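Working notes for the structure below.
This is a predicted model, so every value here is computed, not measured.
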Amino acid sequence: MMDQVGLDDTQHGKRVAFMATQCARYVSFEHFDQVDIFTAALLHDIGVSCSQEHELLVTILDWEKAQTHCLDGAVRMKSLPFYAPYADAIYYHHTHWQTLADEQQVSQDSKSLANLIFLVDRVDALLFQYLQQNPDDEAIHARNTIQQNIQSLPGYFAPELVEAFLKASAVDAFWFQLDAAHIPRYMNSQTLDRSIELSPQDVEAVAFILAAAIDAKSPFTAEHSTLVGELAYFLAQQFGLPDSRCQQLKLAGYLHDIGKLHIPDSILEKEGPLTEKETIAMRRHGFEARDILQQVEHFSEIADWACHHHEFLDGSGYPYQLTAEQIPTETRILTIADIFQALAQKRPYRDSMTQQQVISVLDKLGAEGKVDTIILELVHQHANACWQLANGISAQSPIKSDAIQAK
């Protein structure tokens, strides 16, 4: 998911995870092992959602507003008990060592891990800048320049971490591994000697955190994914689907727009009509959602429902132009929940609609044979409840209050 945020710079988190684990071979941690270092480094930018923010983070060596995503990331980590131990490292991963070293409330391991992530994160930013200026070069050609830059930043990094980086980066393979073709192979080769058994509530909590990251992409989509999930869950209950299917559909609602992370902010927030190229970029997000979600075991149906939420029964939708016989009930419910919530929400190109206006638009789509009229009848029967859920007035998820309390 996080690879989607960077438009011209993908796989940033994976490269940082690789470099951190390589450098950590030369550093002693009392409580964090290789799995901890790998995981925290991989997830260090979980607070970044906007492509513009990502661009600033990789093009400005010491961006003054970097702490915002550190805070957001730490809040998200604290909401998940199995990732909470990394929250301090995430929060301080843009803090200079000369400041961080004096923090009394942070463990030495968390300080070291935070500063290690900061160091290799800046290495990756310097590498991005170098390759932008020297597109015919490879990563290894930047070695001397980057090593000199890292050593010339007074007070940024702990001396032992700088030394660890110099040792790790002296190996040619360190730089070869950073190539876009090799990083995925490195990730696939990792056999992490640890497993976490997730309860259904844990899975929902993870999905909710990802939904928060998706919705933070633009101020115009605040809570869109989480509210679509709540509304889809409610409609599935009214339709009479088994509770397990209702729960799965909630997850699909939370994650249905995950592919939008790779859409430039300028397109999502454009006030006027989209160009043909912008429209095509927008229409990719369902396809991208499936590509991400189908990698999760047991998420095959959720991936399909999320991917197909813009498909219409008459075959005029996207990205697969499916027709009625190919679209299951769950997708039909998700489509209506997505449209309802989107129309109830203010967007850059229009104001929010009233309850009656929303239902009128859905009725028109039903009359045109685009959406399921049986599910639409449930919307009519429970119009007020749907309206409240779409506007977050009576959201059912317990995760939301926990996340707010953590912040």
Side-chain angles (χ1 to χ4, degrees), residues 1-27 34-35 37-46 48 51-63 66 69 89 93-94 97 112-153 156-192 261-262:
M1 182 201 82
M2 292 166 61
D3 281 347
Q4 301 291 309
V5 178
L7 302 180
D8 300 320
D9 175 51
T10 59
Q11 304 190 97
H12 169 70
K14 294 175 181 175
R15 291 191 298 272
V16 168
F18 163 72
M19 290 189 286
T21 54
Q22 297 304 301
C23 294
R25 295 176 178 180
Y26 304 96
V27 182
Q34 288 287 100
V35 177
I37 293 164
F38 177 89
T39 304
L42 184 67
L43 299 176
H44 76 281
D45 272 349
I46 190 65
V48 179
S51 54
Q52 183 181 15
E53 183 178 14
H54 178 90
E55 181 180 0
L56 291 168
L57 286 168
V58 297
T59 56
I60 301 175
L61 190 61
D62 198 16
W63 186 36
H69 83 277
H93 83 268
H94 273 274
W97 182 250
S112 295
L113 181 53
N115 201 234
L116 174 59
I117 293 173
F118 184 28
L119 190 156
V120 293
D121 177 84
R122 293 303 81 195
V123 168
D124 200 55
L126 289 168
L127 178 60
F128 173 77
Q129 295 168 26
Y130 178 91
L131 294 177
Q132 289 286 100
Q133 297 169 7
N134 304 277
D136 295 329
D137 283 2
E138 297 180 20
I140 196 169
H141 298 138
R143 173 164 49 189
N144 291 339
T145 300
I146 291 176
Q147 288 177 336
Q148 291 168 11
N149 266 283
I150 291 299
Q151 293 178 85
S152 68
L153 297 171
Y156 275 57
F157 314 116
E160 67 166 349
L161 296 179
V162 174
E163 186 63 27
F165 165 67
L166 294 176
K167 290 178 180 178
S169 63
V171 179
D172 290 352
F174 178 94
W175 300 96
F176 296 150
Q177 189 69 64
L178 296 173
D179 185 81
H182 294 299
I183 277 292
R185 295 172 195 163
Y186 167 79
M187 298 295 296
N188 292 333
S189 72
Q190 296 306 293
T191 54
L192 303 182
L261 288 169
H262 199 59

Query - Those residues that, when tested against Tyr26, pass ring-ring contact (aromatic ring centres under 6.0 Å, His included) (two or more places apart) - result: none

Query - Phe174: partners by ring-ring contact (aromatic ring centres under 6.0 Å, His included), with sequence neighbours left out - result: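 Testing Phe174 for ring-ring contact (aromatic ring centres under 6.0 Å, His included), a comparison that skips the adjacent residues, returns Phe18.
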
With a 4.5 Å cut-off on side-chain heavy atoms, are [Y] and [X] touching?
X	Y	result
Asp45	His93	yes
Thr21	Tyr186	yes
Val120	Cys23	yes
Leu153	Leu61	yes
Asp172	Ile140	yes
Leu57	Val48	yes

Atom pair [atom1] ([X]) and [atom2] ([Y]), whose distance is rounded to the nearest 0.5 Å:
X	Y	atom1	atom2	value
Leu127	Met19	CG	CE	7.0 Å
Gln151	Ile146	CD	CD1	12.5 Å
Gln190	Leu42	CD	CG	10.5 Å
Leu161	Ile150	CG	CD1	11.0 Å
Asp121	His94	CG	NE2	4.5 Å
Leu166	Gln148	CG	CD	10.5 Å

Query raised in the report: Does the pair Met187 and Phe38 meet the rule for a side chain to side chain contact (heavy atoms under 4.5 Å, CB included), with working shown?
Result: CA-CA 10 Å; Met187 298 295 296; Phe38 177 89; 3.6 Å; yes

So which heavy atom on [X] is nearest to which on [Y], and how close?
X	Y	answer
His44	Gly13	CE1-CA, 4.1 Å
Leu116	Ala24	CD2-CB, 4.2 Å
Leu178	Ala139	CB-CB, 4.5 Å
Val58	Gln129	O-NE2, 3.0 Å

Query raised in the report: For His12 and Arg15, does a side-chain donor sit closer than 3.5 Å to a side-chain acceptor?
Result: no

Query - Option passing side chain to side chain donor-acceptor pair (under 3.5 Å) with Ser169 (candidates Arg143, Gln22, Gln147) - result: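 Exactly one option meets the side chain to side chain donor-acceptor pair (under 3.5 Å) with Ser169, and it is Gln147.
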
Query raised in the report: Should Tyr156 and Arg122 be marked as a side chain to side chain contact (heavy atoms under 4.5 Å, CB included) after you check the CA-CA gap, both sets of side-chain angles, and the distance that decides it?
Result: CA-CA 10 Å; Tyr156 275 57; Arg122 293 303 81 195; 5.6 Å; no

Query raised in the report: Under the side chain to side chain contact (heavy atoms under 4.5 Å, CB included) criterion, do Ile37 and Leu113 qualify, and how do the steps go?
Result: CA-CA 7 Å; Ile37 293 164; Leu113 181 53; 4.0 Å; yes

